[in-house]
Amino acid sequence: MTGAPLPEPAPSPTATDAGVPSTQRAARPRWRETLGLLARNPTAAAAGLVLLAIVLIAVFDETLAPSGPNEISVEDRLQAPSLAHPFGTDDLGRDILSRVVLGAGVSLRVGFLAVAFALVVGSLIGLLAGFYGRWVDDVLMRFMDVLFAFPAVLLAIAVLAVRGPGAGNTALAIGVVYVPVFARVTRASVLGVREEVYVRASRSVGASDFRLLTRHVLPNAAPPIIVQTSISLAFAVLAEAALSFLGLGTQPPNPSWGLMLAEGRGFIDIAWWLAFFPGIAIFLTVLCFNLLGDGLRDVLDPRQRTLMAGGGR
Amino acid sequence: MTEDVLVSARGLEVHFPIRSGGALRRTSGVLRAVDGVDLDILRGETLGLVGESGCGKSTLGNALLRLVPPTGGTVTFDGTDVTSLDRRGLKEMRRRAGMVFQDPFASLDPRRTVAQTVSEPLEVHGLRSGGRERAARVAELLELVGLDPAVAGRYPHEFSGGQRQRVGIARALAGEPDFLVCDEAIASLDVSVQAQVLNLLRRLQRQLGLTLLFISHDLSAVRHIADRIAVMYLGRVVEVGPADAVGSDPQMPYTQALLSAVPVPHPELERSRKRIVLRGDVPSPAAVPSGCRFRTRCPYAFEPCPDVDPALQPVGAPGQLAACHLHGVVGRPVDSGEPVAARD
Ligand SMILES: Nc1ncnc2c1ncn2[C@@H]1O[C@H](COP(=O)(O)OP(=O)(O)O)[C@@H](O)[C@H]1O
Ligand code: SF4
Ligand SMILES: [Mg+2]
C-alpha cells in the first residue's frame with residue numbers, strides 16, 4: 001500500500017473506508033493540473049511564454065508588420081538597424097523586421113501543418129500497431145522502418161521533387177519525414193497502456209475496441225506524444241528553414257526565415273543583420289519548443305508527477 | 001446434472017506460447033496456465049476458487065468471461081457456448097458477467113472520474129438514456145456500494161484503496177450482471193478494510209442474487225464465505241465440493257496439504273493437527289508432470305500416478321469430487337488416449 005495517495009482510515013472500531021474521500025480537494029481537470037505544474041518549472045514556463053508571443057506574432061503577422069514584405073525602396077538598401085528600421089534593411093531596401101514578422105507566419109504555419117500531419121497519421125499508425133500487435137504491428141511498423149531508413153532531407157527533397165515547391169508541399173514533405181517518429185513514440189506508449197488492468201476492466205464490461213482506443217488507451221498514452229509534438233515542432237521549423245535555405249521550400253519573394261538566411265549569407269561581411277535576425281528567430285523558436293518539450297516531459301512523466309503532486313499514478 | 005448451472009467449463013485450456021528470440025518470434029514451448037479444467041458454477045452460489053499464486057486462477061476467471069481466449073475446451077454461460085459468441089452475443093454476455101480486479105489502484109482509469117468509470121457499462125449497453133438518468137443511476141450504484149454519491153466527479157487518485165475497490169464493484173454491477181468474478185478482490189487491501197469489502201460483497205450477493213466466483217490464494221478466507229470450494233493446482237481443478245467438506249475433510253492430498261498449513265484456532269486441535277509438509281516446489285506450468293500433476297510433491301504417490309492423469313471422481317461428501325488415484329484409478333493414461341474408467 002505504499003504509494004497510496006490517501007491513507008486508509010485508522011483501524012478503529014468505527015473505521016469505515018466508505019463515504020467521502022478524506023481530502024477536500026475539489027476535482028480538477030487534468031490539463032489544468034498539468035499547466036499548474038508546468039508553471040512551476042521556470043525554464044519551461046518562460047519558453048512557453050516566448051512561444052506564445054511568437055505564435056501571436058505569426059497569427060497577426062500582417063497586422064503587426066510595420067511595412068509590407070516586398071516593399072522595395074532602393075534608397076533604403078542595406079541600412080543598418082536604426083529607429084526607422086530596427087532590424088535594418090536588405091539589399092532591396094525591404095524592412096527586415098517586417099520580413100521576420102511575416103516569416104514567423106510562414107515558418108510556423110509550415111511547422112504546425114507538418115507536425116499536425118505527422119501527428120495524425122503517425123499516431124494513428126502507432127495506435128493501431130501497438131494495440132492490435134501481431135501482423136498489424138508487423139506490416140505497419142515495417143513500413144515505418146522503410147520510411148525511417150531514408151535520410152530525412154532526401155525524403156523531403158523527394159516529396160518536393162514530386163509535388164513541386166510551396167508552403168503546403170513543404171509541410172507535407174516535413175510531415176512525411178516525421179510520421180515514423182510519431183508512429184514509434186505512440187506505439188511504445190500504447191504497448192504499455194494496453195496491458196493496464198483498467199483497459200481489461202473496460203473490456204470486461206463490454207466496451208468496443210474503438211471505445212477502448214479513444215477513451216482509455218489514447219488519453220493515457222498521450223503524454224509522450226505531446227512531448228514529441230513540442231520537440232518535433234522545433235525540428236519542423238528548422239527543417240523548413242533548411243529546405244528554404246536550399247531553395248526547395250518557401251519560394252522568393254515570400255519571406256521565410258530559412259530563405260532570408262540564405263539570401264543574407266552573401267552579405268554577411270558588409271551587412272550582418274540580413275542573416276542575423278532571421279537566424280535569431282529560428283534559434284529562439286527552436287530552443288523554446290525544445291525547452292517546452294523537456295518541461296512537458298518532466299510534468300507528464302507519471303512518476304515525476306506523483307512526486308510533485310503527491311497523488312495519482 | 002439436474003442442478004441449475006450458470007457457468008460451466010469443460011476441458012478448458014488456456015495455453016500461452018513461450019516465445020524466445022524476440023524478432024523471430026519462434027515458439028519454443030507452451031505455458032499451460034489453464035490445462036483441462038472441468039467446473040460448474042451453480043446459479044446463486046458463491047464458489048471459492050483457491051490455489052497457490054501462479055496456478056492459473058486469474059487466467060481461468062478471465063477465460064470464463066473470454067477476456068483471455070481459451071485455446072481448448074468449452075465455456076458455457078447460461079446454456080450458450082461462450083467461445084463461439086459473435087460480437088453482439090459477447091457484448092451481452094459481458095453485461096451479464098462482471099469482474100472485480102485485485103489491484104484497485106490499477107483497475108480504474110486515472111484519467112476518468114468515478115462517474116465516467118461507473119457509467120461506462122451504462123453507455124456501452126445503452127442502459128439509461130440521457131445524462132440525467134445515467135447520473136441518477138450512478139448515484140444509486142455508489143450508494144449501493146457504500147459511497148457518497150457526491151464523489152462522482154472525483155478522480156481515482158483522491159481515494160483510498162478500499163474506496164477505489166468500491167468504485168470497481170459499482171462499475172461491475174452497473175450492467176446488472178448475474179455473475180461476478182472477484183479476482184483476489186480484497187487481497188491487496190489493508191487488513192482493516194478487507195472485512196468491510198468482504199461484507200459488502202456478501203451483502204450484494206444476497207441482495208442482488210448474484211452468482212459469485214470468489215478467487216483467493218487463501219483457503220481459510222474462502223471457507224467462511226463460499227458455498228462450495230474448488231481447489232486448483234498447476235492449471236487444473238483437482239478438488240471441488242461443499243465448503244464444509246473441502247474445508248474440513250479434503251480428499252485430495254494437495255488440498256489436505258493446503259489445509260494443514262492453516263492454523264486451527266483451538267490449542268488442542270492445533271497440537272493434534274497433522275501437518276503435511278510438501279516437498280519441492282511447484283513445477284513450472286511450462287513443464288507439467290505426466291499423469292497426476294501433483295505427483296512430484298505428493299507424499300502418497302504410487303505406481304499409477306505418473307502414468308494416468310486422474311479425473312475428478314465423486315468421493316467423500318455428496319457433491320465432493322477429487323482427482324486422485326487413492327480413491328480408485330480413474331483417468332486418462334499418458335500414452336494412449338483412452339480413459340481407464342468411465343467417470344461416474
Ligand atoms: N498473458 C499471459 N502470457 C503468458 N503467461 C501468462 C499470461 N497470463 C498468465 N500467465 C502465466 O500463467 C500462469 C498462471 O497465471 P495466473 O492465472 O495469473 O495465476 P494466479 O492467478 O493463480 O496467480 C502463470 O505462470 C503466469 O505467469
Ligand atoms: S493421484 Fe497419486 S500423486 Fe496424485 S494426488 Fe493422488 S496419490 Fe498423489
Ligand atoms: Mg491471480
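Below, all heavy atoms of this structure are taken into account, side chains as well, without hydrogens, waters or symmetry copies. Chain A is the first sequence line, chain B the second, and so forth, proteins listed ahead of strands; every chain is numbered from 1. As the structure is a prediction and not an experimental result, all values here were calculated from the model.
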Proximal component of A:Ser208, with respect to chain B [non-hydrogen, under 4.5 Å]: neither
Under 4.5 Å from a heavy atom of chain B, the part of A:Arg211 involved: side chain
Gap separating the [atom1] atom of [X] from the [atom2] atom of [Y], nearest 0.5 angstrom:
X	Y	atom1	atom2	answer
A:Ser204	B:Arg66	OG	CZ	14.5 Å
A:Gln228	A:Tyr178	CD	OH	8.5 Å
B:Thr211	B:Gln205	OG1	CD	7.5 Å

Non-hydrogen side-chain atoms of B:Arg96 and B:Glu176 separated by less than 4.5 Å: no
Which one of [options] has the most heavy-atom pairs closer than 4.5 Å to chain A?
options	value
B:Asp109, B:Val124, B:Leu200	B:Asp109
B:Arg95, B:Met99, B:Gln102, B:His125	B:His125
B:Leu90, B:Val181, B:Asn62	B:Asn62
B:Glu120, B:Arg112, B:Glu92	B:Glu120

Intermediate values then yes/no, side chain to side chain donor-acceptor pair (under 3.5 Å), A:His216 and A:Ser202: CA-CA 8 Å; A:His216 300 282; A:Ser202 181; 3.2 Å; yes
Heavy-atom contact with chain A under 4.5 Å, split by part of B:Leu65: neither
Under 4.5 Å from a heavy atom of chain A, the part of B:Ala97 involved: backbone
Cation-pi geometry met for B:Arg154 and B:Phe159 (6.0 Å, 45°): no
